[in-house]
Amino acid sequence: MNNGAWEPVIGLEMHVELDTQTKMFCGCAVTKGDAPNVHTCPVCLAHPGALPVVNRRAVEYAARIALALDCTVQARNIFHRKNYFYPDLPKAYQISQYDEPLATDGSFEYWVDGELLRCRINRVHMEEDAAKLIHAGGDAGRIAGSDSSMVDFNRGGTPLIEIVTEPDIPSPEAAREFLQQLRNLVVELGVSECNMEEGQIRWDANISVRPQGSEELGTRTELKNMNSFRYLQQALDAEIPRQIGVLEAGGTIDLETLHFDPDTGTTTPLRSKEEAHDYRYFPEPDLVPLEIDPVWVEGLRATQPELPAARVERFIADYGLSRADAGVLGSSGALAGFYEEVVAAGAGAKPAANWTMGEYLAHLNAAGLEAGHGHVTAERLARLVKLVEDGTVSTSAAKEVFARMIEDRAEPEATIEKHGLGQISDTAELEAIVAEVVAANPAQVEQYRGGKQQVIGFFVGQVMKASGGRANPQVVNDLLRRALDA
Ligand code: ADP
Ligand code: MG
Ligand code: ZN
């Protein structure tokens with residue numbers, strides 16, 4: 001199989017539950033963790049005669065997302081009924097949007113491996129979430145295998161938006177980056193915490209392959225309702241060679257919804273994909289068209305928080321960072337906030353960037369923590385950076401200090417003291433090491449004295465090694481010259 005002759009094409013649909021106080025079409029509270037079925041009313045339980053009313057804050061939050069994605073917010077919005085039966089959907093239809101959605105024609109820029117990619121956004125539309133099914137007893141992980149299923153209507157009717165991309169995403173890795181950075185954006189807008197465990201965001205991935213350089217799209221398959229970034233990438237990584245294999249054997253791809261099994265790492269067909277007409281979309285008769293005042297939209301635009309793209313530019317301008325570094329530090333609000341705290345606490349912008357992107361980020365990844373929740377505070381990291389700058393600790397020893405600060409949850413000064421990691425600038429102590437090194441290497445001493453000045457580097461290295469990386473290189477240099485020139 002020749003992967004190089006084919007290119008994958010990926011399009012994503014992301015669902016986000018909005019953190020409004022009340023539901024999309026009724027006044028029931030949107031909460032988490034309460035007893036089941038306490039936040040219900042005739043509207044969200046679909047009793048006859050109950051009428052929906054659009055939640056203004058949900059429209060605002062959805063519009064904020066749309067604006068952040070550079071979409072055009074449409075003045076006229078129509079809600080549609082999307083009909084299907086499911087036990088967690090008492091109306092047997094979902095109120096959603098169809099051909100006149102909230103917003104269209106946007107774009108989102110995201111970083112993949114230091115490169116900025118752009119993905120067109122097809123639309124952002126509003127809808128309501130279904131209730132939550134809980135499968136219990138037996139093989140509770142599967143509907144078919146569990147003894148019983150229970151339904152909690154608290155979630156039913158939670159405001160939900162769907163963001164649909166154009167098929168612009170070139171790889172599984174890019175798909176993961178796209179979703180992670182889009183999630184960061186939504187979190188920063190303050191419209192959803194995007195809590196993954198609670199299923200506040202989930203996505204469908206559509207993927208096809210085509211001959212390298214071809215303009216035409218191949219037939220796609222769809223992976224539905226994923227909520228793990230890692231599984232998404234794995235599933236796409238598995239689906240690409242499967243499709244290529246089918247096509248190279250002369251077969252065709254069926255438009256299907258697939259299931260990814262993380263245990264076997266394979267994708268298998270779940271069902272043939274539904275089409276729009278299967279849902280019998282029709283305009284929701286209980287809601288008038290929603291007219292959105294452009295002045296109101298401009299008011300939202302004027303009060304948007306600073307978004308990652310703008311922040312990246314500011315980091316370049318204010319801190320003198322490279323575009324790639326600013327991209328890493330600026331595209332997540334939490335990491336950007338941490339970095340700015342380190343700088344505000346007195347560390348230089350450049351070393352603060354290196355430490356934040358290097359040791360600190362590695363620590364977060366290893367411990368599975370979010371920026372700002374690591375075991376080193378910004379203030380302590382700033383102090384460590386300053387201790388390197390003033391020569392109290394060498395750069396190499398500082399990495400060990402950082403690791404021990406995490407282990408001990410301790411201050412940098414105390415850590416240096418406790419583990420004896422301070423830079424040795426004490427002349428008497430270093431003179432002894434210098435004397436030993438000089439005595440042990442007569443051949444190199446000969447070379448130096450014969451005019452080969454660069455041998456000094458060898459001696460500095462030996463002294464550094466003997467001191468466990470803690471010797472002050474400047475002092476060592478001076479002492480060596482004095483000893484060798486004598
Ligand atoms: P549906 O309504 O059936 O979900 P859409 O036309 O709205 O279908 O497309 C859904 C998603 O699939 C979009 O993100 C789109 O970019 C993506 N998509 C459409 N065609 C392809 C294709 N050939 N390859 C990859 N992705 C595709
Ligand atoms: Mg779809
Ligand atoms: Zn209700």
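Residue numbers start at 1 and run along the sequence shown. Atoms within a ligand are numbered from 1 in the order they appear, just like the ligands themselves.
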(message) Please work out, at 4.0 Å between heavy atoms, whether the side chain, the backbone, both, or neither of Val164 comes within that distance of ligand 1.
(response) side chain
(request) Would you tell me whether Asn55 and Thr22 have side-chain atoms, one donor and one acceptor, within less than 3.5 Å of each other? (result) yes
(message) Please work out, at 4.0 Å between heavy atoms, whether the side chain, the backbone, both, or neither of Asp204 comes within that distance of ligand 1.
(response) neither
(request) Please name the residue in the list Leu160, Asn227, Asp19 that meets the side chain to side chain contact (heavy atoms under 4.5 Å, CB included) test with Gln200. (result) Asp19
(request) Could you verify whether a donor N or O on one side chain and an acceptor N or O on the other, from Trp6 and Gln243, lie under 3.5 Å apart? (result) no
(message) With 2.8 Å as the threshold, which protein atoms of type N, O or S lie near the Zn ion (ligand 3)? Leave waters out.
(response) Cys26 SG, Cys28 SG, Cys41 SG, Cys44 SG
(message) Can you confirm, on distance only, whether ligand 1 has an N/O atom lying under 3.5 Å from any N/O atom belonging to Thr219?
(response) no
(request) Any chance you could measure Leu182, atom CG, to Leu12, atom CG, to the nearest 0.5 Å? (result) 9.0 Å
(message) Looking only at distances, can you tell me whether any N or O atom of Thr165, backbone or side chain, sits closer than 3.5 Å to an N or O atom of ligand 1?
(response) yes
(request) Count the heavy atoms of every other residue, nucleotide or ligand shown that sit under 6.0 Å from CD of Glu379, and state whether that count exceeds 12. (result) yes
(request) Kindly confirm or rule out an N or O of Ile10 lying under 3.5 angstrom from an N or O of ligand 1. (result) no
(request) Report the member of Arg120, Lys224, Arg220 with the shortest heavy-atom distance to atom 8 (O) of ligand 1. (result) Arg220
(request) For Thr267 and Glu239, test the side chains for any donor-to-acceptor distance below 3.5 angstrom and give the result as yes or no. (result) yes
(message) Testing the 3.5 Å rule here: is there a donor-acceptor pair between the side chains of Tyr110 and Gln180?
(response) no
(request) Using distance alone, with no hydrogens and no angle criterion, decide if Ser149 and His135 have a side-chain donor and acceptor under 3.5 Å apart. (result) yes
(message) Looking at Phe402, I'd like to know if the NZ or CZ of Lys399 sits under 6.0 Å from its six-membered ring centre while staying within 45 degrees of the ring's axis.
(response) no
(message) List ligand 1 atoms under 4.0 Å from Leu12, heavy atoms only on the residue side.
(response) 14 (O)
(message) Just to be sure I'm reading this right: ignoring hydrogens, which of Arg210, Glu275, Glu13 gets closest to atom 4 (O) of ligand 1? Compare them by their nearest heavy atoms.
(response) Glu13
(request) Please say whether Ile207 places an N or O atom under 3.5 Å from an N or O atom belonging to ligand 1. (result) no
(request) Check each atom of ligand 1 against the heavy atoms of Glu166 and keep those under 4.0 Å away; list them by number with element. (result) 16 (O)
(message) For Glu198, is the CD atom crowded, meaning more than 12 foreign heavy atoms sit under 6.0 Å from it?
(response) yes
(request) Would you mind listing which atoms of ligand 1 come within a distance below 4.0 Å of any non-hydrogen atom of Pro167? (result) 16 (O), 26 (N), 27 (C)
(request) Mark up the atoms of ligand 1 that fall under 4.0 Å of a heavy atom belonging to Leu217, in ascending order. (result) 23 (N)
(message) Parallel, tilted or perpendicular: which one describes the rings of Tyr281 and Tyr279, with boundaries at 30° and 60°?
(response) perpendicular
(request) Please determine, by modelled atom types, if His80 and Glu284 share a side-chain donor-acceptor pair under 3.5 angstrom. (result) no
